[in-house]
Every structure is written in structure tokens, then in C-alpha cells.
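Have a look at the structure below, then the notes.
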Amino acid sequence: MPTAPPTSPAPPIELPGRIALVLGGGGLKGFAHIGVIRALQERGIRPSLVAGTSIGSLIAAAYAGGMSVDEMTAHALSLTKQDLFRIDHLHMVTKRMLSPSLYLEQPLQAIIDRLVPATTFRELPMPLLVNTVDLERGSQLVWGLPGFQDVHVADAVYASCALPGFFPPRVLHGRTCADGGVIDNLPVSVSVPGMDAVIGVDVGSTSLTNARRIKDKGFAAIYMRAAQVMMKALQTSQLSNWAGPPLLLVRPAVWHFNWFSFVHTKRIIELGYEAAHETLDRAGDALLSSGGVHPLRELELAVDAAKCTGCRLCATLAPDVMAMGDDGKAWVPEPRVEWSRADGDFVHQCPTDAIGVRVVDGELRRTTETFPVQSA
């Protein structure tokens, strides 16, 4: 069961008319989406459209099809590694390097069929967008948009979950499609038309923990790490340049879990629930604003001169925030900043972790980990 909400009544939140809920990819960390949906329901928030990539598309499709949060939770808690990952021994032996994937597609398809209604996008009770990539054209393809509504939802969701190399792609209407996370892991931009605000739930693309001894963990782990780095770069660029309607960014504290860990499902769901309530509490009337990424928080930047090598990377990436002093060290001309969780990626890029961030609460200050982390 999710963590109980605070005993005091939740602060009221003012909402615009039409809200898109966008659920990002992140392997099994995406079970946090279930907790987020529970929290939104408790706050009386029902989106006008739901969209997703990879596991986000699976949860989004189940939600759009009318499945309850309790049912989704039960399915998630019952899932085991054997239910999903079965090596395609036959093709790996007979086709060798021409084998389409490491794992068989049938187990993944069976999971999708249990959660997703056997219908087309046009027949769903709620508008749904499923993000994929057309591998042959090298372009984004979003099922559920006009002209792409007459396919079975389960087929599109499978394609969106088919991480290249791990699961074989799916041919839909003559297009070879795979996991949309390789091009847009949190498809907020395609969800904007007709919406007054967007709630985006990022579970795996913009925060990375250190991966120690990655070279010793096999080709699959190395590939996944490279894919995560790519997704992070793409997502950071999109969010830092956000020019759409107000975007409420929910980022559950699940970054330290393995993408394919089956032993922390209950806690991951709880963390999604907690993050959604915490973000909504901070939001106030942000979703009624003219734009930007919310919620905002006042922070203070500082550079540890002893760690700084003078490499200039921070000043190159963020010239409006960072500068180089006469001593060849980086410094911060205006230390106080007001950032959302989408800001400050250059801090993480510092190769010696010389840039620190403190959260400012009035006159009280507390030290936090390097920004951007979920607690910041």
C-alpha cells in the first residue's frame, strides 16, 4: 500500500481546464507512475490526455483503458524476472549477430496484453499518445495522433517498450518501431496541442547516479548506461528550453534503483505517490501561469576553489550563471538562483564535483547533494 498522505488536509491546488499527463520511460522504475496516478486521483486531478514512452506508455495505456490503480498495483507487485526476460536462444544460435534481440518478445507481449485493452486508439475512452521511434526513417512516431489512431494499442505499447537489442521491434502499418526513449523519453512537447498545462513524470532520464566498475558488468549494462546518458542529454535540452504551457515536473526519488530490479516495486510505487503529493503541495497556482517549468525553488551556488581545475566547462555550458576569475578558477557572479528541477544540469557535468548547491528556506540553509537531485 502507498504511504499514507499527511494527516493535515492537502493544500488546495488551482487547476486549468485541460491537463496532459505525460509518463516517462525508465524500466521498472516506471512503476512509480502508479503511485503518481493514485496521488492525482486523491487530489481530484483527471487529465484530459495521457501520453507515455516505454513503461510510461504501458501505465498510460492501462490508465486510459480504465484499469484501476489497485489493479495496476497488483499486477506490478506480482511481476517477476522470469515473466519478462527469456533469452532467445534459438535465434542467437541460428542467426548469431543477425538475431533481432537478446530476449523473446512473447513474455513482454503477454504482460502488455494483461494490462492494455484490446482496442484501437480511436476506441479508447481517454485520448492516449504512445511514443515510438521509426527505426528505418530515424524519426519520432507518436501513435494516437491524427492519422495514427487505427492501430491496436497493445501493438504500439509493445513497440514503445521494445528497447533496441533487448526486444525485437514491431512493424506497425509498414513502419518498424521501437522504444521511443531513444528519441524522447518524456514526450511533453507532442502532448501540448489543445492543453492548458502539462504534468510530466520523469523516472529515469534526467538523473544519473555513478556507475562504478561499469566496464566489468557486461555488454548489456554498458549499452544501457550509454542509452541512459543519451536520454538524459536529450531530455535536459528539451526541458531547459521549454516554451510551452506551464509544466509541472514530478521526479520521484527512484534514480538509485536499477532499471530492471524486481525487488523494490512496492517502494518505487510509494516514492511516486510521495513525489506527486510533494510537488503538488509546492505548485500552488503554478499551472495557471503563462508557462515555465514548476515548481521553483530558491538555491545558492558555490564553487570549491580547491577542487576547481579551471577547465571552463561550467562557464561554457552556462555562461549566464558561471564565469572564470582572474585566478583561472570558476566562480558564480550571482549565487542566488530560482530553479526548477529542469535547471542546473551543468552542475552535474563538473568533472571534479567542484560546484555545490544549497537549498535556501528563508534565512535557514541546509546543504544538499549536487544539483539536480530529487531532494533538491
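Position 1 is the first residue of the sequence, and the numbers go up from there. Nothing here was measured: the structure is a model prediction, and the numbers come from that model.
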Requested in this report: Determine, stepwise, if the pair R170 / D179 fulfils salt bridge (charged side-chain N to carboxylate O under 4.0 Å, His left out).
Outcome: CA-CA 10 Å; R170 175 66 53 84; D179 190 340; over 6 Å; no

Report task. Begin from the C-alpha positions of V130 and F121 and carry the test side chain to side chain contact (heavy atoms under 4.5 Å, CB included) through to its verdict. Result -> CA-CA 10 Å; V130 170; F121 284 84; 3.7 Å; yes

Requested in this report: Quick one: do L21 and V201 satisfy side chain to side chain contact (heavy atoms under 4.5 Å, CB included)? Show the steps, please.
Outcome: CA-CA 8 Å; L21 174 62; V201 187; 4.1 Å; yes

Query raised in the report: Does the side chain to side chain contact (heavy atoms under 4.5 Å, CB included) test come out yes or no for T120 and W143, once each step is laid out?
Result: CA-CA 10 Å; T120 66; W143 301 94; over 6 Å; no

Requested in this report: Begin with the C-alpha distance, continue with both residues' side-chain angles, and end with the deciding distance and a verdict on side chain to side chain contact (heavy atoms under 4.5 Å, CB included) for Y158 and V116.
Outcome: CA-CA 10 Å; Y158 172 87; V116 176; over 6 Å; no

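Between atom CD1 of residue I112 and atom CD of residue E105 there is a gap of 9.5 Å, rounded to the nearest 0.5 Å. Interatomic distance, I111 CD1 to L84 CG, rounded to the nearest 0.5 Å: 4.5 Å. Interatomic distance, CE of M126 versus CG of L49, reported as 8.5 Å (0.5 Å rounding). Atom CD in Q41 sits 8.5 Å away from atom CZ in R46 (nearest 0.5 Å). Summarising the geometry, atom CD1 belonging to I45 is positioned 5.0 Å from atom CG belonging to L40; distances are rounded to the nearest 0.5 Å. In this structure, CD1 on I59 lies 6.5 Å from CG on L115, to the nearest 0.5 angstrom.
For the pair T53 and D184, the tightest heavy-atom approach, listed with the atom from each and the gap, is OG1-O, 3.1 Å. The two residues C161 and L58 have their closest heavy-atom pair at SG-CB, 4.4 Å. The two residues L145 and Q149 come nearest to each other via the heavy atoms O-CG, 3.3 Å. Minimum interatomic distance between L247 and V188 (heavy atoms only, all atoms of both residues): CD1-CG1, 4.1 Å. Annotation for H75 and S78: closest pair O-OG, 2.9 Å, computed over non-hydrogen atoms. Residues P47 and Y63 share a closest heavy-atom pair of CD-OH, 3.3 Å.
Shown here is E334, whose CD atom has no more than 12 heavy atoms of other residues, nucleotides or ligands within 6.0 Å.
Ring geometry for F257 against H264 counts as tilted: the plane angle lies between 30° and 60°, on a 0 to 90° scale.
Remark: the T119 side chain and the H152 side chain contain no N/O donor-acceptor pair separated by less than 3.5 Å.
Put simply, the side chain of R251 gets close to the backbone of R341: a donor and an acceptor are under 3.5 Å apart. At least one donor-acceptor pair closer than 3.5 Å links the side chain of K329 to the backbone N or O of C308. Between the side chain of D304 and the backbone N or O of A354 there is no donor-acceptor pair closer than 3.5 Å. Proximity of a side-chain donor or acceptor of E300 to a complementary backbone N or O of P335 within less than 3.5 Å is not detected. When atom types are taken as modelled, the side chain of D134 and the backbone of R137 share a donor-acceptor pair closer than 3.5 angstrom. Here the side chain of S160 pairs a donor or acceptor atom with the backbone of S54 at under 3.5 angstrom.
Residues passing the side chain to side chain contact (heavy atoms under 4.5 Å, CB included) test with Q349 are K232, L313, L317, D345, sequence neighbours excluded.
Hydrophobic clustering of Ile, Leu, Val, Met, Phe, Trp and Tyr side chains at less than 4.5 Å, counting indirect connections, keeps V190 apart from V293. Hydrophobic clustering (ILVMFWY, side-chain heavy atoms < 4.5 Å, transitive): I34 and L28 are in one cluster. The cluster map of Ile, Leu, Val, Met, Phe, Trp and Tyr, joined by side-chain heavy atoms under 4.5 Å apart, puts V192 and L249 in the same cluster. Under the 4.5 Å side-chain heavy-atom criterion for Ile, Leu, Val, Met, Phe, Trp and Tyr, V182 and L129 are members of distinct hydrophobic clusters. Following chains of ILVMFWY side-chain contacts shorter than 4.5 Å, one cannot reach L296 starting from L280, and the two form parts of different hydrophobic clusters.
For the pair R18 and D196, the salt-bridge criterion is not met [side-chain N within less than 4.0 Å of a carboxylate O]. Ion pair R114/D83 not flagged as a salt bridge, since none of the NZ, NE, NH1 or NH2 atoms sits closer than 4.0 Å to an Asp/Glu carboxylate oxygen. A salt bridge links E278 with R282: at least one charged nitrogen is closer than 4.0 Å to a carboxylate oxygen. In this structure, D353 does not pair ionically with K307, as no charged nitrogen and carboxylate oxygen lie closer than 4.0 Å. Ionic pairing of R336 and E298 is present here: one or more N-O contacts between side-chain nitrogen and carboxylate oxygen are shorter than 4.0 angstrom. With respect to R267 and E274, a salt bridge is recorded, a charged nitrogen being found less than 4.0 Å from a carboxylate O.
Within the 4.5 Å cutoff, no side-chain heavy atoms of V142 are placed close to those of F148. When side chains are defined from C-beta on, L248 does not count as touching P246, because their heavy atoms never get closer than 4.5 Å. Here the side chains of V250 and D202 are not in contact, with every heavy-atom distance at 4.5 Å or above. Counting only heavy atoms from C-beta outward, the side chains of R358 and L299 never approach each other to under 4.5 Å. At a threshold of 4.5 Å between non-hydrogen side-chain atoms, the residues P187 and V22 count as touching. Within the 4.5 Å cutoff, side-chain heavy atoms of C177 are placed close to those of L141. No side-chain heavy atom of E338 sits under 4.5 Å from any side-chain heavy atom of R297. Counting heavy atoms from C-beta outward, S57 and L23 have side chains that stay 4.5 Å or more apart.
Judged by the 6.0 Å distance and 45° axis criteria, R38 is not positioned over the aromatic ring of Y273.
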Which pairs would a plain distance check flag for residues 318-326, meaning a side-chain donor or acceptor within less than 3.5 Å of a matching protein atom at least two apart in sequence or in another chain?
none

